Peer 1: 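Here it is, the structure in full.
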Amino acid sequence: MSSILVLNGPNLNLLGTRQPEIYGTTTLNDIEDKCVSHAKSRDVRCVCLQSNHEGALVDAIHAARGVHDGIILNAGAYTHTSIALMDAIVSTELPVVELHLSNIHAREDFRHTSYIAKAAIGQICGFGAVGYTLAIDALLAHLENG
Ligand code: CA2
């Protein structure tokens, strides 16, 4: 059975509680439940993690090697700053789908740069919480088609 990791970064634990006009009203727990059930419907195991700490996210990416077949990553604001996360993705040699709730390209200039995009197989952004299931399908298509 394939296994995927859904990894969320800083402040995403606050989803559904503030700034609903940007990030929606769905909580992170709701998103994680949906990811697990969607993956299960495709006979795939799904483990979800969230951390506000860059090093913990690096550790989770390292630990995914040999355990999971791919990663869905919403690195939050670290997307725009973290060479460490980019290097971790390259080092793990696992396919990573970059995910954002909001359309980062339609927002402030500083959100247009993504270090994650340089190492990811692709990016999904702007579709809110639905993006997570789209990202799972994209990752599974990549794994099935090589
Ligand atoms: O759109 C996304 O998913 C982001 O990764 C979210 C990050 C932002 O820095 C990225 O540019 C785009 C911010 C996450 C903050 O999440 C909150 C959720 C609820 C209330 C406050 C913050």
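We count ligands from 1, going down the list as the structure has it; atoms in each ligand are counted the same way. Predicted model only: the values in this text are computed from it and were never measured.
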Peer 1: Please determine if Ser102 has a nitrogen or oxygen closer than 3.5 Å to a nitrogen or oxygen of ligand 1.
Peer 2: yes
Peer 1: Taking only heavy atoms of Leu101, which atoms of ligand 1 are found under 4.0 Å from at least one of them?
Peer 2: 1 (O), 2 (C), 3 (O)
Peer 1: Tell me which protein heavy atom sits closest to atom 8 (C) of ligand 1, plus the residue, atom name and distance to 0.1 Å.
Peer 2: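 Result: Arg111 NH1, 3.2 Å.
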Peer 1: Given side chain to side chain contact (heavy atoms under 4.5 Å, CB included), test Thr79 with His100 step by step and report yes or no.
Peer 2: CA-CA 10 Å; Thr79 301; His100 299 284; 3.1 Å; yes
Peer 1: I'd like to check whether Asn74 has a polar contact with ligand 1, where a contact means an N/O of the residue lying under 3.5 Å from an N/O of the ligand.
Peer 2: yes
Peer 1: Provide the number and element of each atom of ligand 1 under 4.0 Å from a heavy atom of Ile104.
Peer 2: 12 (C)
Peer 1: Would you mind running through ligand 1 and noting each atom that sits below 4.0 Å from a heavy atom of His80?
Peer 2: 10 (C), 11 (O)
Peer 1: Return the closest protein heavy atom for atom 6 (C) of ligand 1 as residue, atom name and distance.
Peer 2: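 For this ligand atom, the closest protein heavy atom is Tyr23 CE2, 3.5 Å.
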Peer 1: Is there a side-chain contact between Leu85 and Ile116 (heavy atoms, below 4.5 Å)?
Peer 2: yes
Peer 1: Is the OH atom of Tyr78 crowded by more than 12 outside heavy atoms at less than 6.0 Å?
Peer 2: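 Buried by this count: over 12 neighbours within 6.0 Å.
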Peer 1: May I ask you to say whether Glu144 pairs ionically with Arg42, meaning some side-chain N is under 4.0 Å from a carboxylate O?
Peer 2: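 Result for this pair is yes, salt bridge flagged.
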Peer 1: May I ask you to identify the nearest protein heavy atom to atom 20 (C) of ligand 1, giving residue, atom name and distance to one decimal place in Å?
Peer 2: Arg18 O, 3.3 Å
Peer 1: Give yes if a backbone or side-chain nitrogen or oxygen of His100 is under 3.5 Å from a nitrogen or oxygen of ligand 1, and no if not.
Peer 2: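 So ligand 1 has an N or O lying under 3.5 Å from an N or O of His100.
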Peer 1: Which residue and atom name correspond to the protein heavy atom nearest atom 22 (C) of ligand 1, and how close is it?
Peer 2: Gln19 OE1, 3.9 Å
Peer 1: What residue and atom, counting heavy atoms only, is the protein's closest point to atom 15 (C) of ligand 1, and at what distance?
Peer 2: Asn11 CB, 3.6 Å
Peer 1: So how far is it from Phe110 CZ to Ile104 CD1, rounded to the nearest 0.5 Å?
Peer 2: 11.0 Å
Peer 1: Determine, step by step, whether Glu108 and His80 satisfy the side chain to side chain contact (heavy atoms under 4.5 Å, CB included) criterion, reporting the C-alpha distance in whole Å, the side-chain angles of both residues, the deciding distance to 0.1 Å, and the verdict.
Peer 2: CA-CA 11 Å; Glu108 304 95 322; His80 319 299; over 6 Å; no
Peer 1: At a 4.0 Å threshold, what atoms of ligand 1 neighbour a non-hydrogen atom of Ala77?
Peer 2: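 In order of number, 9 (O).
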Peer 1: If the test is side-chain contact (heavy atoms from CB on, under 4.5 Å), which one of Val97, Ile124, Leu101, Asp137 qualifies with Tyr132?
Peer 2: Leu101
